[in-house]
Student: 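Got a structure for you, written out below as structure tokens; questions coming shortly.
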Amino acid sequence: MRSQPRFERPKERTECYVFVVATAGHVDHGKSTLVKALTGMEPDRWEEEKDRGLTIDLGFVWTNVDGEDIAFVDVPGHERFIANMLAGVGPVTDVLFVVAADEGWMQQTLDHRDAINAFGVQHGVIAMTRVDKADAGRRQAVAEETRRNVAGTSMERWPVVEVSAKTGEGVEELRSALVAMLRQQSTADPAGRIRMWVDRAFHIKGAGTVVTGTLTNGTIQPGQTLTLQTDAGQREVTVRGIQSEDTAVEEAKPTMRVALNLRGVSVDEVSRGAALCTPEKWHMTSVVDVRHTHGAALNDVPQEVVVHVGTAGVSAKVRPFGAKHARLILEHDLVLSIGDRLVLRGSGAQQILGGVEAIDVDPPALPRRGDGRKRSAQLETLPDINVEIARRVAVRPELLVSLGFEVGDKPPQGTVAFAGYWIRAQQVMEWKDTLLQALQAHLAAHPLSAGLATGAAVEALHLPDAKLLPLAVAAAKLNTRDGYVCNTAEVDLGEAEPGVQKLEAQLRAHPFKAPEARDLEQLGLGAKELAAAERAGRILRLGDGVVVAADAITLATARLRDSPQPFRTTDARQALETTRRVAIPLLELLDARGITRQIEAGVRVLT
């Protein structure tokens, strides 16, 4: 077994490690031998593997071909190790598929094809190995058999290269085919969300916990904090050091085979199937709704299966919604995203049942009879970002990103952005109608009230956040004032109207002569009636029972401007022809509005 990395100081290197290729194919068809011929490195890591000539677990080797650095994940072909094979192929986007020319297609060849197709791997090369043991006729027959068996799968257009690791025939052609295939692909996003599935975890004396995996998106640097999701839950870890292909590096970019030295977790707490992710950018879930992509109809698969994604294999229960859709209830949380391709394997068996695509990684509960049938109809059109926004009433774009939706700077058409949320325009209209009805009902019951309390309005609209109330208020063309939602139309004072008219007449003659409490009582004007009159703009209240003309501030400012500056409270009282009962709260209001400024106790100037 090769020695483990030491995590030394990074050395300068000029090449970018960007390609990772997994092998696949039937046991003893020469995958490991071929990889060794391509790289000059032994992929089998265990002594038992070397003694038996049988790959049991994943092997990792690399080479440089025509300036391109290619790392290989060598997988076992024996049916007993199908889970290890799925862990090797699950995280990658490229496969070197092996079929022996002398034996042709076998059971695991078919199983591995099904796994690749179920995972949706689009890029690869098919190597027809051991051609030194097959004549031209046999080679032709296997090539035709291969074309038949990959027809209609994601492997349909993959080139077939005849090769012999023993004689060297076709090895250079295979290298060229691999490079051509890899160069045709779009580049992974170094600024994207990180989700690195762990395929190995071990301890290095003096360094601590080390995990390895294939980085397919994002960039990792020493000192970076990541979220580690395991079957026991999630925790924050820190990257202490990084290696790629036995070389310390300053940063890891896609697509690279990387080893990360972690702080914050012991080796006993992390194993294959865990995932390292960008914090708060991914959704952890144990329930996912899926669409059939390959294999058995979903209403024909067993109730209990093993779900494979990335390097993880998790037991799950299947709730079918017909042949094409189902809900998977996982044994524990996984880091999943819309569009993830999952492989279903029989529980306790080695066979591949089929493949599915995740279309809702945070689905709604289905507690009532008939919900499953309705859900099946809904899933026909998912995923749909507009449906998701409408379902959640108001949603932050960051949540949509974590679920796997593509989110731009602006919301989609028919959606508005407000207070950090996205809301469908139809939802805003529903809020508008509900708010108008609630306010109308409230004012009918309480005609002289200040309006509908904002808390009551939030409750009536079932808003997920009170910050959204101004949006509904604006849509309804209402106002908010002093903690109430109120109508912008003229306030109907009802039975208080005659008394208010008499009060207005008195204040027109003497705008600062506030009536006494008994005078207001004789007019039939209590606290509620006066509050309603003030909301209507008919009077101005200065405090407990102190009422002046509605334009008192404008009139007071004009009179004080004609007075010597600065002026005392007594001067203001005389200029306004009023009492201290009115002058003091009125001057305090002028101070609060910045019309006057107090320069010392009892002395002010106009600003």
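These figures come from a predicted structure and were not determined experimentally.
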Student: If we ignore angles and hydrogens, is there a donor and acceptor under 3.5 Å between the side chains of T227 and E236?
Tutor: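 Note: T227 and E236 side chains meet the donor-acceptor criterion.
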Student: Heavy atoms, side chains only, cut-off 4.5 Å: are F97 and T109 in contact?
Tutor: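 Result yes, sub-4.5 Å side-chain heavy-atom pair found.
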Student: Taking atom CD of E459 as the centre, report whether more than 12 heavy atoms of other residues, nucleotides or ligands fall under 6.0 Å from it.
Tutor: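 No, the 6.0 Å shell around CD holds no more than 12 heavy atoms from other groups.
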Student: Can you tell which of L379, L366, L298 makes a side-chain contact (heavy atoms from CB on, under 4.5 Å) with R327?
Tutor: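 It is L366, the one option of L379, L366, L298 that forms the side-chain contact (heavy atoms from CB on, under 4.5 Å) with R327.
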Student: If we count only N and O atoms by modelled type, under 3.5 Å, do the side chains of R272 and T311 hold a donor and an acceptor together?
Tutor: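 Their side chains do not contain a donor-acceptor pair, so the 3.5 Å distance test is not met.
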Student: Above 12 or not: heavy atoms from other molecules or residues under 6.0 Å from CD of E144?
Tutor: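 Counting other residues, nucleotides and ligands, CD of E144 exceeds 12 neighbours.
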Student: Given 3.5 Å as the limit, does a donor-acceptor pair link the side chain of K31 with the main chain of H26, or not?
Tutor: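 Checking the backbone N and O of H26 against the side chain of K31, a donor-acceptor pair under 3.5 Å is found.
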Student: Would Q437 and D433 count as having a side-chain donor-acceptor pair, cut-off 3.5 Å?
Tutor: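 Q437 vs D433: no donor-acceptor pair found between side chains.
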Student: When the side chains of residues 405-422 are checked against the rest of the protein, which donor-acceptor pairs come out under 3.5 Å, sequence neighbours left out?
Tutor:
{"from": "T415", "atom 1": "OG1", "to": "R424", "atom 2": "NH1", "distance (Å)": "2.9"}
{"from": "Y421", "atom 1": "OH", "to": "R396", "atom 2": "NH2", "distance (Å)": "3.4"}
{"from": "Y421", "atom 1": "OH", "to": "D465", "atom 2": "OD2", "distance (Å)": "2.9"}

Student: Could you tell me whether E269 and R235 make a salt bridge, using a distance below 4.0 angstrom between a side-chain N and a carboxylate O?
Tutor: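 Yes, E269 and R235 are salt-bridged.
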Student: Any donor and acceptor pair, going by atom type alone, linking the side chain of H294 with main-chain N or O of G355 inside 3.5 Å?
Tutor: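 A pair under 3.5 Å: no.
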Student: Return the minimal non-hydrogen interatomic distance between S337 and W282, and the atom names on each side.
Tutor: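 In this case the closest contact between S337 and W282 is CB-CZ3, 3.6 Å.
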Student: Looking at every non-hydrogen atom in both residues, tell me the closest pair between G124 and P159 and how far apart they are.
Tutor: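 So the minimum-distance heavy-atom pair works out to O-CD, 3.5 Å.
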Student: Within the 3.5 Å criterion, strictly below it, is a donor on T214 or W197 matched to an acceptor on the partner's side chain?
Tutor: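 No, no side-chain donor-acceptor pair sits under 3.5 Å.
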Student: With a 4.5 Å limit on heavy-atom distance, are the side chains of R345 and L353 in contact?
Tutor: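 A side-chain contact under 4.5 Å is absent here.
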Student: Can a donor-acceptor pair be found between the side chains of E156 and T153 at a distance below 3.5 Å?
Tutor: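 On atom types as modelled, these side chains do not qualify, holding no pair under 3.5 Å.
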Student: Between H123 and D94, is there a side-chain donor-acceptor contact under 3.5 Å, judged purely by atom types and distance?
Tutor: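 Checked: D94/H123 side chains show no N/O donor-acceptor pair below 3.5 Å.
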Student: Any salt bridge between R195 and D340, counting N to O under 4.0 Å?
Tutor: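 Answer for the salt bridge query: yes.
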Student: Determine whether the side chains of H29 and E103 contain a donor N or O and an acceptor N or O closer than 3.5 Å.
Tutor: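 Present: a donor and an acceptor within the cut-off.
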Student: In a check of salt bridge (charged side-chain N to carboxylate O under 4.0 Å, His left out) between E162 and each of K133, R139, R138, R130, which one passes?
Tutor: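 Per the salt bridge (charged side-chain N to carboxylate O under 4.0 Å, His left out) rule, the option paired with E162 is R139, out of K133, R139, R138, R130.
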Student: Identify whether NZ of Lys or CZ of Arg in R257 sits under 6.0 Å from the centre of the six-membered ring of W62 and within 45° of that ring's axis.
Tutor: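 No, R257 does not lie over the aromatic ring of W62.
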Student: Considering residues at least two apart in sequence or located in another chain, which fulfil the salt bridge (charged side-chain N to carboxylate O under 4.0 Å, His left out) criterion with E173?
Tutor: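 Applying salt bridge (charged side-chain N to carboxylate O under 4.0 Å, His left out) to E173 gives none.
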Student: What heavy-atom pair brings T255 and A188 nearest, and what distance separates the two atoms?
Tutor: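 Scanning both residues completely, I find the closest heavy atoms to be OG1-CB, 4.3 Å.
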Student: Which pair of heavy atoms, one from L461 and one from A472, lies closest together, and at what distance?
Tutor: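 Scanning both residues completely, I find the closest heavy atoms to be CD1-CB, 3.7 Å.
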Student: So which pairs with a foot in residues 357-367 pass side chain to side chain donor-acceptor pair (under 3.5 Å), sequence neighbours left out?
Tutor: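 Passing the test, one end in residues 357-367: D360-R375, D360-R391, D362-R392.
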